[in-house]
Amino acid sequence: MDRFVQSKPDPESFDYLVVGAGLSGSVVANQIATRHPDKTVLVVDKRDHIGGNCYDYTDLHTGIRINKYGAHLFHTNSKRVWDFVAPLATWIRWDHRVIANVEGHGLVNLPININTVNRLCDTNIQTADEMQAWIDSNGHNNTSEEENGETVVVKKVGRHIYNLLFKEYTFKQWNKYPSSLHSSVLARIPVRTNHDDRYFSDRYQALPKEGYTAIFEKLLEPDNITVSLSTDFHQWSQFNPNNLANGININTNKKPIIIYTGPIDHYFSQVGYPALEYRSISFKKETIRNCEYYQPNSVVNYPGKDVNYTRIVEYKHFLDNPTNSPDTIIVSETTNDHGDPYYPVPNKKNSSLYAQYQQLSLQLQDKYPIHFLGRLATYKYLNMDQAILAALEWCDREIV
Ligand code: FAD
Ligand code: UDP
């Protein structure tokens with residue numbers, strides 16, 4: 001594709017500079033380019049591929065498609081988002097399911113439903129009313145407690161299930177117990193009063209038959225978009241915040257307009273504030289020869305302390321096994337705090353630090369047209385559909 005350039009372009013010769021070719025940056029670039037065919041857009045990413053954390057590729061040996069940065073399941077209740085993505089791929093309905101392998105109890109459904117409780121608590125619940133009665137008698141509603149990741153679970157299902165499914169998994173994932181995290185993190189996992197074993201209950205849930213990277217190729221297809229990979233925005237000293245704030249090296253017509261989707265604290269690293277906390281993942285990929293399937297489901301979670309990984313993803317399960325390979329591939333995920341930033345860590349300390357960075361971004365916006373968007377720049381635990389919606393709504397406000 002000739003829009004992908006090898007040489008390093010001059011950002012000031014473009015109307016817009018989008019930093020990050022992930023979902024937020026690619027949707028914004030696409031909307032600017034299609035709403036204003038006369039404007040030029042430069043998209044840069046420091047990685048050597050487009051797609052951000054949604055990037056996927058086909059393993060050459062087995063033909064199995066893998067998400068480089070962890071399995072990505074598309075789900076949304078937003079008709080606007082669905083209408084936006086629908087023409088970008090051949091979407092195949094996919095009701096994602098997750099099984100948790102609980103030490104001493106075997107495989108159980110997650111989110112918690114009637115089957116989960118029966119298995120972990122040795123009950124014989126059959127109906128929604130019985131399940132509700134179980135929740136009412138097992139949950140602990142101590143209203144004097146401040147709501148956090150622990151209380152939000154314990155008040156629904158009690159401490160026994162909390163200990164088995166959430167306490168240590170969360171510690172492995174975040175290096176923090178749930179009580180030190182905002183309630184929204186664990187509230188992502190609902191408790192159901194029926195037998196529904198799907199991970200999400202959204203109206204639209206599907207996987208793109210041709211993979212996610214093909215979607216990004218379409219988003220970045222317009223002729224007025226140029227993409228420069230392996231290009232770190234911070235190489236351009238004229239855009240460092242000190243220079244921008246002091247008016248040094250600024251093109252007088254304030255070009256390009258910048259949309260920055262990298263980590264907000266990396267942008268302001270010269271200001272001297274403490275860094276925001278992120279969680280990263282190390283992905284261990286193994287090809288298992290002559291093994292049709294390694295595990296019974298695409299994702300198996302390991303909530304116990306017995307292993308250090310949080311989950312194992314077996315990609316061959318997705319989309320009804322699209323390969324004839326006799327082998328399979330599994331990827332185990334172990335989190336850490338030193339790799340690429342994947343997860344903002346939602347708690348009070350980070351929220352108030354983020355508010356300080358946000359204040360800096362507002363001050364900068366008085367001097368230069370720069371906008372902060374996406375999971376890393378707004379420090380929000382956004383799912384794909386939320387990132388798309390935020391990008392579209394930003395375009396509604398700013399790209400008139
Ligand atoms: P990103 O995808 O992180 O893109 C930001 C881009 O900016 C990156 O490509 C980065 O290289 C680039 N960048 C950063 N700094 C610079 C710089 N200085 N110069 C140039 N480029 C830079 N969502 C779902 O809906 N369903 C799921 O199942 C799901 N699973 C997930 C699993 C994992 C392990 C993770 C981490 C996320 C998951 N998500 C899922 C969330 C989804 O990945 C995000 O919603 C989405 O990727 C957000 O897109 P973004 O563009 O804001 O950020
Ligand atoms: N969680 C848990 N046990 C599990 C699955 C999830 O304790 O088996 C908690 C954990 O804190 C996790 C959060 O619930 O970070 C949200 O889970 P989700 O699957 O939405 O996380 P993601 O897919 O974004 O990693």
Side-chain angles (χ1 to χ4, degrees), residues 17-28 43-55 67-76 81 96 98-102 108 110-112 149-150 152-153 162 164-174 176-178 181 184-190 199-200 202 205 207 212 216 228-236 239 259-264 266-267 269 278-281 283 299-304 310-311 313 331 333 335 340-346 373-378 380-388 390-391:
L17 168 59
V18 176
V19 182
L23 204 44
S24 305
S26 299
V27 170
V28 162
V43 180
V44 299
D45 203 296
K46 63 181 187 182
R47 289 174 171 162
D48 62 1
H49 60 73
I50 57 174
N53 287 344
C54 304
Y55 171 74
N67 286 103
K68 184 167 182 185
Y69 306 99
H72 273 66
L73 294 309
F74 186 82
H75 58 102
T76 190
V81 169
H96 185 53
V98 172
I99 291 174
N101 189 342
V102 183
V108 303
L110 197 77
I112 294 164
E150 178 178 315
V152 80
V153 174
Y162 165 78
L164 286 176
L165 283 178
F166 296 100
K167 189 176 174 192
E168 301 302 337
Y169 183 104
T170 298
F171 191 78
K172 288 195 288 189
Q173 168 77 23
W174 299 97
K176 287 180 178 21
Y177 281 111
L181 287 167
S184 58
V185 176
L186 283 94
R188 287 168 63 89
I189 316 288
Y199 207 56
F200 311 111
D202 300 51
Q205 13 193 331
L207 291 178
Y212 287 98
F216 288 83
S228 182
L229 296 174
S230 307
T231 303
D232 190 333
F233 167 76
H234 297 295
Q235 72 178 308
W236 288 305
F239 298 126
I259 296 97
Y260 181 90
T261 74
I264 190 166
H266 291 198
Y267 185 86
S269 61
Y278 297 91
R279 223 41 207 155
S280 189
I281 300 178
F283 298 97
V299 178
V300 176
N301 285 6
Y302 288 81
T310 52
R311 55 191 174 199
V313 180
V331 181
E333 300 185 5
T335 63
D340 270 2
Y342 296 149
Y343 291 91
V345 182
L373 199 67
R375 181 152 153 144
L376 300 171
T378 62
K380 288 198 180 72
Y381 194 164
L382 300 176
N383 291 329
M384 287 185 277
D385 62 326
Q386 295 167 311
I388 293 171

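Counting starts at 1 for both ligands and their atoms, in listed order.
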For ligand 2, list all ligand N or O to protein N or O distances below 3.5 Å, rounded to 0.1 Å.
unit_1	atom_1	unit_2	atom_2	d
ligand 2	3 (N)	L165	O	3.0
ligand 2	7 (O)	F166	O	3.3
ligand 2	7 (O)	T170	OG1	3.1
ligand 2	8 (O)	N301	ND2	3.0
ligand 2	11 (O)	T170	OG1	2.9
ligand 2	11 (O)	W174	NE1	3.4
ligand 2	15 (O)	W174	NE1	2.9
ligand 2	19 (O)	Y199	OH	2.5
ligand 2	20 (O)	R188	NE	2.8
ligand 2	20 (O)	R188	NH2	3.2
ligand 2	21 (O)	Y381	OH	3.2
ligand 2	23 (O)	R311	NH1	3.1
ligand 2	24 (O)	R188	NH2	3.3
ligand 2	24 (O)	Y381	OH	2.5
ligand 2	25 (O)	R311	NH1	3.4
ligand 2	25 (O)	R311	NH2	3.2
ligand 2	25 (O)	Y343	OH	2.7

Stepwise side-chain contact (heavy atoms from CB on, under 4.5 Å) check, I50 with D45: CA-CA 7 Å; I50 57 174; D45 203 296; over 6 Å; no
Identified side chain to side chain contact (heavy atoms under 4.5 Å, CB included) counterpart of Y260 within the set V19, L17, L373, V18: V19
Spacing of OG1 belonging to T170 relative to OH belonging to Y177, to within rounding of 0.5 Å: 10.0 Å
Plane angle bin for Y55 and Y69 - parallel if under 30°, tilted between 30 and 60°, otherwise perpendicular: tilted
Trace of the side-chain contact (heavy atoms from CB on, under 4.5 Å) decision for H96 with H75: CA-CA 9 Å; H96 185 53; H75 58 102; over 6 Å; no
Within 45° cone of F233 ring axis and under 6.0 Å: K46 NZ or CZ: no
Of K172, Q173, R311, the residue whose pairing with E333 passes side chain to side chain donor-acceptor pair (under 3.5 Å): R311
Cation-aromatic face contact R188/Y343, 6.0 Å, 45 degrees: no
F166 and Y162 aromatic ring geometry - parallel, tilted or perpendicular at 30°/60° bounds: parallel
Need the list: ligand 1 N/O atoms against protein N/O atoms, distance under 3.5 Å, rounded to one decimal.
unit_1	atom_1	unit_2	atom_2	d
ligand 1	2 (O)	N53	N	2.9
ligand 1	9 (O)	D45	OD1	3.3
ligand 1	9 (O)	D45	OD2	2.6
ligand 1	11 (O)	D45	OD1	2.7
ligand 1	18 (N)	D232	OD1	2.9
ligand 1	19 (N)	F233	N	3.0
ligand 1	21 (N)	K46	N	3.1
ligand 1	23 (N)	M384	N	3.3
ligand 1	25 (O)	M384	N	2.7
ligand 1	26 (N)	L73	O	2.8
ligand 1	28 (O)	L73	N	2.8
ligand 1	30 (N)	A71	O	3.2
ligand 1	39 (N)	H72	NE2	3.4
ligand 1	43 (O)	H72	NE2	2.7
ligand 1	45 (O)	L382	O	2.8
ligand 1	45 (O)	N383	O	3.4
ligand 1	45 (O)	M384	N	3.3
ligand 1	51 (O)	L23	N	3.1
ligand 1	51 (O)	S24	N	2.9
ligand 1	51 (O)	S24	OG	3.4
ligand 1	52 (O)	S24	OG	2.7
ligand 1	52 (O)	R375	N	3.0

